[in-house]
Amino acid sequence: MREGFITIKELFKDPQAYYGKTIKLGGWIRNIRDSKVFGFIDLNDGSYFKNLQVVFEADRIDNFDQVARLGVGSAIIAEGVLTESPGAKQPFELKADQITVEGPSPSDYPLQKKRHTFEYLRTIAHLRPRSNTFSAVFRLRSILSYAIHKFFMERDFVYVHTPIITSADAEGAGEMFKVTTLDPDKMARDDQGRPTYEDDFFGKLTNLTVSGQLPAEAFALAFRNVYTFGPTFRAENSHTARHASEFWMIEPEMAFADLEDDMDLAEDMMKFIINYCLENAPEEMDFFNKFIDKGLLERLDNVLNSEFKRITYTEAVSLLEKSGEKFDYPVKWGMDLQTEHERYLTEKTFKGPVFVTDYPKEIKAFYMRLNDDQKTVAAMDLLVPGVGEIVGGSQREERIEILDKRLDELQMNKEEYWWYRDLRRYGGTHHAGFGLGFERAIMYLSGMTNIRDVIPFPRTPNSAEF
RNA sequence: UCCUCAGUAGCUCAAUGGUAGAGCACUCGGCUGUUAACCGGGGGGUUACUGGUUCGAGCCCAGUCUGGGGAGCCA
């Protein structure tokens, strides 16, 4: 590394290589304790979840008083000799010969060496990655991103970058963020006073994407297996621990694949990423298991070693009706499953991940493939304990007559979907895909219960600070 | 948007309608191996805001603001 720094990660990987040698580290003080002529610093350099204990002594460094007065959060460069530690809590420590103060941290530093509420830490989102929990969360987020790419790349999926700015409302979801360069007061308007967007940057109404699925389908019908992994935006005024205005989504799409293939892929993917994180972030996962969610590792282990249950919507409704449980919303065929129903199924009935398939067409999106019963569509939701719906997918309607009929029924403008319909006119084939909420995956793998605490700088209604 | 809970020191929280407190943090002092070190002294408050009830309001009432949790929507 530049300037000859050793990282704490390297020390933990092979301490034998450094014992008795003089090394140099740069990092931030997590905790500092001093006596009259010696003291201890818990130093974190960002490379590793664990800290390095730095011992500083008055007769060994020339700025003992300065160092002893340093506060939590200060940035220092420490040079010294790595030795075995007599203390029980760490295998080795650094006996400092020189400590250079790079950036002190005055007494009003908002992060203390004590437990803070997540709520408070959200107000200091620029500092919270320096805390244990968020250090673990965001390293997991990084490792999980890589695991996703690794999973798909190993299976020869092509990574496709679908547009962030999309035209019109062609993705069929809820509220969208408009993208415009126009002054809202000066927009050209039609007879009814609605803006025409003719003079706007793109010459038409544009929004931030709510899904990359439709363009991903186009690429699936060229590359066979593709996936997207990028930011997604929803302007819904949602106030829950599971919704954010800006989040990341993974959307694989496979040609020559049906709903069973889709579920197989989702199950394989979940197991792969769980396994990858357990193997590559063991310190972080242990921390989550100890301080965030005591049953986490046992639950994940259970998931790795079990087959995901698969039931139809019709079976799910029947199970819920027979459960004897009193729900706030009564269960009835034709109604969408409420959160309380989903939680009951995954947390009580099956106590693990469960796919629910073949929902009534009325409660699902236009592009989902109509089943032979003419009443249900080939859709699937993967429900997991604690998080609820983590994956939502379907086999897509490849028969253009039926797709057109659905568009008509829903009074959607066929012209807007001209290129999507083209995919059915030229070499269409059965195909399927799903969307995985990336943040929900992080929540599931960490036990964190609020989506705001797994996004570095979260955007939610009324909140876009930082 | 609806329901619900909360707002007291920098942080985490106490305080029967009757003088606003503790722990941590901070500051000063002590301590020759600490582990969110320990021991002692000290500073720190418009109790979210506005109005009302009362001899007296952090506490009761009304409204506002902010935040949490839940619902809907979804990933």
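Every chain is numbered from 1 and lettered A, B, ... according to where its sequence line falls, protein lines coming before strand lines. All figures in this text were calculated on a predicted structure; none of them were measured in a lab.
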Can you check the distance between [N] and [M], where both ends of the measurement are the [atom1] atom (answer in whole Å)?
N: B/rU47; M: B/rG21; atom1: C1'; answer: 12 Å
N: B/rC61; M: B/rU54; atom1: P; answer: 16 Å
N: B/rC5; M: B/rG44; atom1: C1'; answer: 30 Å
N: B/rU12; M: B/rA71; atom1: C1'; answer: 30 Å
N: B/rA15; M: B/rG23; atom1: C1'; answer: 15 Å

From [options], nucleotide with atom closest to [X] side chain:
X: A/Q90; options: B/rC11, B/rA71, B/rU34; result: B/rU34
X: A/N450; options: B/rG68, B/rC74, B/rG72; result: B/rG68
X: A/Y120; options: B/rC11, B/rC73, B/rU34; result: B/rC11
X: A/K114; options: B/rU12, B/rG72, B/rU32; result: B/rU12
X: A/K113; options: B/rC74, B/rC11, B/rA25; result: B/rA25
X: A/R115; options: B/rG72, B/rU32, B/rA36; result: B/rA36
X: A/N462; options: B/rA71, B/rU66, B/rG33; result: B/rU66
X: A/K89; options: B/rC74, B/rA36, B/rU32; result: B/rA36
X: A/Y329; options: B/rU32, B/rG72, B/rC74; result: B/rG72

Exercise for the section: Identify, between A/S107 and A/L337, the residue whose nearest nucleotide on RNA chain B lies closer to the 5' end. Expected result: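 Nearest-nucleotide comparison on RNA chain B picks A/S107.
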Problem - Nearest-nucleotide 5' precedence on RNA chain B, A/P110 against A/F40 - result: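 By nearest-heavy-atom nucleotide position, the 5'-most residue is A/P110.
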Check ion pair [X]-[Y] (N to O, under 4.0 angstrom):
X: A/E439; Y: A/R141; value: yes
X: A/E340; Y: A/R343; value: no
X: A/D45; Y: A/K9; value: no
X: A/E253; Y: A/R396; value: yes
X: A/K375; Y: A/E362; value: no

For [X] and [N], give me the distance from atom [atom1] to atom [atom2], rounded to whole Å.
X: A/N237; N: B/rA71; atom1: CG; atom2: P; result: 16 Å
X: A/E340; N: B/rG69; atom1: CD; atom2: P; result: 19 Å
X: A/L111; N: B/rU12; atom1: CG; atom2: P; result: 12 Å
X: A/R130; N: B/rA36; atom1: CZ; atom2: C1'; result: 18 Å

With respect to the phosphate group of [N], does any side-chain polar atom (N or O) of [X] fall under 4.0 Å of OP1 or OP2?
X: A/T339; N: B/rG72; answer: yes
X: A/K36; N: B/rU32; answer: no
X: A/R242; N: B/rA71; answer: yes
X: A/R60; N: B/rU32; answer: no
X: A/R122; N: B/rG67; answer: no
X: A/T117; N: B/rU12; answer: yes

Handout entry: A/T7-A/E10 side chain donor-acceptor pair, cut-off 3.5 Å
Key = yes
Problem - Donor on one side chain, acceptor on other, A/E217 and A/Y420, under 3.5 Å - result: yes
Examine the base of [N] for any acceptor or donor lying under 3.5 Å from a partner atom in the side chain of [X], and report the outcome as yes or no.
X: A/Q112; N: B/rG10; value: yes
X: A/E57; N: B/rG33; value: no
X: A/H243; N: B/rC74; value: yes

Applying a 3.5 Å limit to both distances, which nucleotide forms a Watson-Crick or G-U wobble pair with [N]?
N: B/rG63; answer: B/rC49
N: B/rA20; answer: none
N: B/rC73; answer: none

